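Encoded as structure tokens, the structure appears first; notes follow it.
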Amino acid sequence: MSVPLTLLGLLEREPSHGYDLKRDYDAFFGRGKPLSFGQVYGTLGRLARAGKVVVGESEAGAGPDRKRYVITQQGATEFEAWLTEPVEAEPHLQTVLFAKVVLALMLGRDAEHYLDAQRAAHLQRMRELTETKREGSLVDALLADHGLFHLESDLRWIDLTAARLDALAEEVRA
Amino acid sequence: MSATDENECLVEARDVVLSFGRTPALQGASLAVAAGEIMAIMGPSGSGKTTLLHCLAGILTPQAGEIHFDGRRVDTMGETERSTLRRDRFGFVFQFGQLVPELTAEENVALPLLLGGARRTAALKEAGTWFERLGLDGLEKRRSGELSGGQAQRVALARGLVSRPEILFADEPTGSLDSLTGEHVMDLLVTAAREQGTTVIVVTHEPRVAAYAGREVIVRDGKVSSFSAMRMDS
């Protein structure tokens, strides 16, 4: 899971305080591994130095918690590119796929199109592995099968998620 | 412009609509398959993928839209002409083999040739070559009840390919088999189709089966999804 890109995605939704970002990250993406405040502000500082976020006007009684962070055009472009690009089809991608789907729904983007693109990328990789299996030795086939079964389980998750998109959208936008 | 004008389209569905009673099955499905291509039609249960296959194969007639095969309209043909087309130029493999139980395995394989007017001796001789090719040696005289699921499906595959059809329509051809046997059948299907240049359209819900095809499309709510249609055009 990419913490900087996920925080950019949350900022794409609306300018936010570090505290709000941590709360939303932990609620949707933390899954028992919450971010520390140090991680949140450290990441925001790096994003600011890279020109991907700017600190908005401080509110009265300004401490670190009172700063609102705003995504820049550069940050939005980088997030958009990450969101729309299918992940390289390797096994064990569930957390990245999951983050992309939730963020797409949260931001009202076309999550189904993203899932279609990801399905196509997975199937292309499965085709390559199947061809390796057909032409290679039994050892090659064994290795290819390992990859194929994992990609297939990702695909089952993609299909199930695609079937539940409307309900998921309601939940993450509530 | 049609999707495959540039690459020898063999069979094409254009905006096909078909309902069963009040239940819509296809709602403007379009798909073009090039000669020699091996294509998988995927999609959830009830999405219309089998109905689309049956329309392409001239088994079902759409209520609107067009089906073209090798430059001819299939949906407007009379039943006699369509039967001849299916017998002479199409091959079929279904999920449960659907062998004729009264016939031996080799008679089942020879059936399309016999129906096409071949002499029995010649038809059985040609059918016999497929038993070695598909690893079915020694099973020629068995009836379908004496074959395992994998053996029966290989016999069905031989029957689908024996007349060297230009296109093979396969509906969940491994659906009744365990995964290892299913992959063996797909491997044989793809190898044989490539050897004789047969176009293949395979309906499947299994990604591992679809991975044997060169390209896949997704049918969703009676339409070929815009994403896969987009890829088809590219």
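Fair warning: this is a prediction, and the values are worked out from it, not measured in the lab. So you know, we letter chains A, B, ... as the sequences are listed, proteins then strands, and number each from 1.
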### Query
Is the A:F37 ring parallel, tilted or perpendicular to the A:Y19 ring (thresholds 30°, 60°)?
parallel
### Summary
Those residues of residues 183-191 of chain B that come under 4.5 Å of chain A on a heavy-atom basis, listed by number, are B:E183, B:D187, B:V190, B:T191
Side-chain donor/acceptor pairs under 3.5 Å, residues 165-174 of chain A, sequence neighbours excluded:
residue	atom	partner	partner atom	Å
A:R173	NE	A:L105	O	2.6
A:R173	NH2	A:L105	O	3.0

### Summary
When the 4.5 angstrom heavy-atom criterion is applied to A:L155 and chain B, the contacting part is side chain
### Task
Check the pair B:V162 / B:V109 against side-chain contact (heavy atoms from CB on, under 4.5 Å), numbers first and verdict last.
CA-CA 7 Å; B:V162 70; B:V109 175; 4.1 Å; yes
### Summary
Honestly, the part of A:E128 sitting under 4.5 Å from a heavy atom of chain B is neither
Check residues 59-69 of chain B and write down every donor-acceptor pair under 3.5 Å in which the side-chain atom is one partner and the other belongs to a residue at least two apart or another chain.
residue	atom	partner	partner atom	Å
B:T61	OG1	B:R82	NH1	2.9
B:T61	OG1	B:R82	NH2	2.8
B:Q63	OE1	B:S19	N	2.8
B:Q63	NE2	B:S19	O	3.2
B:E66	OE1	B:H68	NE2	2.7
B:E66	OE2	B:R73	NH1	3.3
B:H68	NE2	B:R14	NH1	3.4

### Message
Nearest 0.5 Å, please: how far is CG in A:L21 from CG in A:L10?
### Response
6.0 Å
### Query
Salt bridge between A:E12 and A:R109, side-chain N to carboxylate O under 4.0 Å?
yes
#### Entry: A:T132 versus A:D140, side-chain donor and acceptor atoms under 3.5 Å
no
### Query
When you check the gap from the basic side-chain N to the acidic O, do A:R13 and A:D24 get nearer than 4.0 Å?
yes
### Task
Pull out the residues in residues 202-213 of chain B that come under 4.5 Å of chain A, heavy atom to heavy atom, sorted by number.
B:P207, B:R208, B:A210, B:A211, B:Y212, B:A213
### Message
One thing to verify: whether A:D159 and A:R156 come together as a salt bridge, which I'm taking to mean a side-chain N less than 4.0 angstrom from a carboxylate O.
### Response
no
### Task
Measure the acute angle between the ring planes of A:F29 and A:Y25, then classify it against the limits of 30° and 60° as parallel, tilted or perpendicular.
tilted
